Asks: 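Here it is: the structure, laid out below.
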Amino acid sequence: MVKAILIRGLTCLLLLASLSAHAQKKHTFEIKDGQFLYDGKATQIHSGEMHYARVPREYWRHRLKMMRAMGLNTVATYVFWNYHNTAPGIWDFKTGNHNLAEYLKTAQEEGLFVILRPGPYACAEWEFGGYPWWLQKNKDLVIRANNQPFLDSCKVYINKLAQQVKGMQVSKGGPIIMTQVENEFGSYVDQRKDIPLEEHRKYNAAIKKQLMDAGFEGPFFTSDAATLFEGGATAGALPTANGEGNVENLKKAVNQYNGGKGPYMVAEYYPGWLDHWGEPFTRVNSEQVSKQIETYLKSEVNFNFYMVHGGTNFGFTSGANYNEEHEIQPDITSYDYDAPISEAGWATLKYTAVRELMKKYVKYPVPAVPAQIPVIALPPIALSKTVDLFDLKKDSKPVVNDTPLSFEDLNQGHGYVLYSRRFTQPVQGKLQVKGLRDFATVYVNGKKVGELNRQDNKYELDVTIPFNATLELLVENMGRINYGADIVHNTKGIISPIVINGSEVTGDWNMYKLPFDKVPDLAKYTAKNKEGKPTLYAGSFDAKQTGDVFLDMRGWGKGIVFVNGHNLGRYWKVGPQQTLYLPGCWLNKGKNDVVILEQQNDVLQKDLKTTDKPILEAAQ
């Protein structure tokens, strides 16, 4: 009997070892003779971009199945340095959405190759383009430059990342077939003509060397507009052309920088586009997308949809742009991107059109579309408690300084800071806060007197401050710039003196840190709700079943929402987004808790409504 048990046990162990060896079967992926070769066979890359940080971990597999069912064979993803390196010396590659290795493993299980885009710069409409905010505290460090303190920091990040994923390269039996060097560096070279081209090239080469030294094997590639290869291409990496629809232009540019041959790839094809608060939601029609993809397929051009599924900028992860009219253009919370797979994982008309097209051209089987995750609507959620945000000052020791300090000087990355000062003498006139980063509600003795807004270039308002009165500014960081030359100027809060009637206001500034890195406990605070005061609303609801929900924020002002401790992101009445996506995997069967920070509070609220569809195109 014992012998039989031992034999059965040994047989099981041998079977498990066999399965493990099969799962880790080593393959080759290389660029040779102008083609991508997988195990020596010519292979076309049909890829879609999806970022693990923007999709709940519980939904990764569903979304990857959606990609396979659309006819794709590869998933591309950025790695966001600041998502994993949350504070100096603190790293997270394990909890929740941070488990990159699990994401890559899941992609492989679903039959997808992986293109890894480790940066260290990502762009991606992500806070600070993926850089940790606290890099700016080192005054000797210059980001994205041939600067030793910066390169030293990059090396630490790249080595930490390599420890997590280098064993998942295709040569080791994993799904990673290609690794990107930097990202859209040609654009930055074009924007920073104040830096010699040779210095730019030294930096780009240094990043590639760091990747290789850390154990990344390649093939390597760069990703730029076809017209910007001169600044973005680097030796030993295949140049790929972002947004290039003209196949002849693509081939001409790649040939020039790749020895007169391919392969030819569009590493970012845009089936949609990014969106800012206060601007119209961008749409790209499905016919246009299908036509372009068919052009690529007919010409055997490799491509990557950016994005195939955008997901959501949960918490404080959304970045910002800028232009000549706006010093900042904060990105909305939804990263729907008008992508083929919607924010909530739905198959759109665009998805269906591309799927039918892919089925005609690809030689591998295209599986059935997985079932949509259920959507539920809830009765209005009663908000049973309201707390004046200013009451939280009682439990927060202020930082005192002669002049206002930036978030970085306060050692705070995100959220809000309340700047407060008592005046012993009356004053009235024009308040100017030219160093505002980014949005402020202004109060005198607790009464709101106006708003300042960097997006609208509004940096001043008239104030009347009586004797012995207190001036307060609740300042919100709306996301650090993620693209362009101004990425090097990304401190937040109030970064220059506050002026009234031309005179600097100095002495005894009290700064209360309100990072909202976790949901506040409101149990000990007295219930208050006054029009115009920033207010925390709390409530709970029971769910008999779980499913995706859209919180309907129409009628609210500006703020953030927590459900069961998850920060769903920012809402703002200016639109175009008017709902917040609440993934059903974050709901409990039974009791669920909601906390809302409403900054403007011009309308007192009684309940929170939901809807079964997103509203992404409604202006104020």
Side-chain angles (χ1 to χ4, degrees), residues 49-55 77-86 97 117-136 143-144 182-185 187-188 191 223 242 268 270 272-279 281-282 306-307 310-323 326-339 343 406-408 412-416 437-439 453-455 476-493 515-517 558 560 567-572 574 576-577 580 616:
E49 187 106 3
M50 181 175 94
H51 303 144
Y52 57 97
R54 286 174 155 140
V55 180
T77 185
Y78 281 122
V79 181
F80 301 121
W81 176 0
N82 58 12
Y83 194 64
H84 298 284
N85 193 187
T86 53
N97 284 22
R117 311 180 73 185
Y121 167 72
C123 186
E125 292 70 63
W126 187 267
E127 149 77 22
F128 205 3
Y131 293 131
W133 64 268
W134 40 264
L135 290 179
Q136 299 175 107
I143 68 164
R144 221 176 176 192
E182 235 276 352
N183 180 55
E184 296 182 316
F185 191 60
S187 297
Y188 194 63
Q191 295 151 357
S223 181
N242 289 354
E268 292 189 4
Y270 307 112
W273 196 241
L274 58 94
D275 299 285
H276 302 130
W277 290 109
E279 298 177 17
F281 189 86
T282 306
Y306 190 98
M307 304 287 297
T312 310
N313 295 314
F314 295 114
F316 298 120
T317 60
S318 59
N321 293 296
Y322 62 93
N323 62 16
H326 305 279
E327 291 195 14
I328 195 169
Q329 296 168 292
D331 295 309
I332 65 174
T333 299
S334 172
Y335 203 56
D336 179 89
Y337 213 87
D338 195 29
E343 179 180 13
S406 69
F407 276 38
E408 287 73 16
Q412 178 177 323
H414 312 287
Y416 310 80
R437 306 288 185 270
D438 298 304
F439 186 93
N453 182 354
R454 184 183 177 197
Q455 183 178 21
E476 174 191 12
N477 164 9
M478 291 197 66
R480 289 179 179 83
I481 288 166
N482 58 260
Y483 177 83
D486 275 0
I487 197 170
V488 297
H489 306 298
N490 248 330
T491 51
K492 292 296 183 177
F516 279 87
D517 49 349
K558 191 177 198 300
I560 56 175
N567 185 342
L568 302 185
R570 180 179 292 111
Y571 66 88
W572 192 6
V574 300
Q577 177 177 359
L580 284 175
L616 298 177

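Nothing here was measured: the structure is a model prediction, and the numbers come from that model. Reckoned from all heavy atoms, side chains included, excluding hydrogens, waters and symmetry mates.
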Asks: Is it the case that Gln329 and Glu279 place a side-chain donor and acceptor less than 3.5 Å from each other?
Replies: yes
Asks: Would you give the length of the straight line joining atom CH2 of Trp277 to atom NE2 of His326, rounded to the nearest 0.5 angstrom?
Replies: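 Between Trp277 CH2 and His326 NE2, I get 15.5 Å after rounding to 0.5 Å.
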Asks: Within a strict 4.5 Å, meaning less than it, do heavy atoms of the His51 and Met307 side chains meet?
Replies: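 The answer is yes, as the side chains (C-beta and beyond) meet within the 4.5 Å cut-off.
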Asks: Measuring only between side-chain heavy atoms, which start at C-beta, is Trp81 closer than 4.5 Å to Tyr121?
Replies: no
Asks: If we only count heavy atoms from C-beta on, is the Met50 to Val55 side-chain gap below 4.5 Å?
Replies: yes
Asks: CG/Leu580 to CD1/Ile560 distance, rounded to the nearest 0.5 angstrom?
Replies: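 Answer for the CG-CD1 pair, Leu580 versus Ile560, is 10.5 Å.
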Asks: Can you confirm if the NZ or CZ of Arg144 lies within 45° of the ring axis of Tyr188 and under 6.0 Å from the centre of its six-membered ring?
Replies: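 Relative to the ring axis of Tyr188, which defines the angle, Arg144 lies inside both limits.
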Asks: Regarding Ser334 and Glu343, do their side chains bring together a donor and an acceptor under 3.5 Å, going by distance alone?
Replies: yes
Asks: Of the non-hydrogen atoms in Gln455 and Asn453, which two are nearest, and what is the gap between them?
Replies: N-OD1, 2.9 Å
Asks: Nearest heavy-atom pair of Ile143 and Leu135: which atoms, and what distance?
Replies: CG2-CD1, 4.4 Å
Asks: Just do the side-chain contact (heavy atoms from CB on, under 4.5 Å) check on Arg570 and Met478 with the steps written out, would you?
Replies: CA-CA 9 Å; Arg570 180 179 292 111; Met478 291 197 66; 3.7 Å; yes
Asks: Regarding Asn490 and Trp133, do their side chains bring together a donor and an acceptor under 3.5 Å, going by distance alone?
Replies: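 On atom types as modelled, these side chains do not qualify, holding no pair under 3.5 Å.
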Asks: Could you walk me through whether His414 and Asn477 pass side-chain contact (heavy atoms from CB on, under 4.5 Å), step by step?
Replies: CA-CA 6 Å; His414 312 287; Asn477 164 9; 4.0 Å; yes
Asks: Would you please classify the geometry between the Phe80 ring and the Tyr78 ring as parallel, tilted or perpendicular, with 30° and 60° separating the classes?
Replies: tilted
Asks: Taking the side chain as every heavy atom from C-beta outward, state whether Trp273 and Asp338 have any pair of such atoms under 4.5 Å apart.
Replies: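 Not in contact.
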Asks: Please name the pair of heavy atoms, one in Gly479 and one in Ala320, separated by the smallest distance, quoted to 0.1 Å.
Replies: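 Closest approach of Gly479 to Ala320: O-CB, 3.5 Å.
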Asks: Quiz question: by atom type and distance under 3.5 Å, do the side chains of Tyr483 and Gln191 form a donor-acceptor pair?
Replies: yes
Asks: Quick one, Gln577 and Thr333 - any side-chain contact, counting heavy atoms below 4.5 Å?
Replies: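 Side chain of Gln577 against side chain of Thr333, heavy atoms only: contact under 4.5 Å found.
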Asks: Quick one: are Glu476 and Lys558 in side-chain contact, heavy atoms under 4.5 Å?
Replies: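 SC-SC contact between Glu476 and Lys558 confirmed.
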Asks: Taking all heavy atoms of Trp126 and all of Asn313, pick out the closest pair and write down the distance.
Replies: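 Of all heavy-atom pairs spanning Trp126 and Asn313, the closest is CE3-OD1, 4.4 Å.
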Asks: Side chains of Asp331 and Asn482, heavy atoms from C-beta outward: is any pair under 4.5 Å?
Replies: yes
Asks: After noting the C-alpha distance and the side-chain angles of Arg117 and Glu182, does the key distance pass the salt bridge (charged side-chain N to carboxylate O under 4.0 Å, His left out) rule?
Replies: CA-CA 8 Å; Arg117 311 180 73 185; Glu182 235 276 352; over 6 Å; no
Asks: So how far is it from Glu268 CD to Asn242 CG, rounded to the nearest 0.5 Å?
Replies: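 Rounded to the nearest 0.5 Å, the CD-CG separation comes to 4.0 Å.
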Asks: With the side chain counted from C-beta on, respond yes when Asn321 and Ile481 share a heavy-atom pair under 4.5 Å apart, and no when they do not.
Replies: no
Asks: Nearest 0.5 Å please: distance from the CD1 atom of Ile332 over to the CG atom of Leu616.
Replies: 6.0 Å
Asks: Do the ring centers of Tyr52 and His84 come within less than 6.0 Å of each other?
Replies: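 Tyr52 vs His84: aromatic centres under 6.0 Å.
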Asks: To the nearest 0.5 Å, how far apart are CZ in Phe314 and OH in Tyr335?
Replies: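 Result: 14.0 Å between the selected atoms.
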Asks: Does the gap between the ring centers of Tyr337 and Tyr306 come in under 6.0 Å?
Replies: yes
Asks: Quick one: closest heavy-atom pair of Cys123 and Asn183, and the distance?
Replies: CB-ND2, 3.9 Å
Asks: Could you tell me which non-hydrogen atom of Asn82 sits nearest to which non-hydrogen atom of Glu127, and how far apart they are?
Replies: ND2-O, 3.0 Å
Asks: Roughly how far apart are Gln136 CD and Glu408 CD, rounded to 0.5 Å?
Replies: 5.0 Å
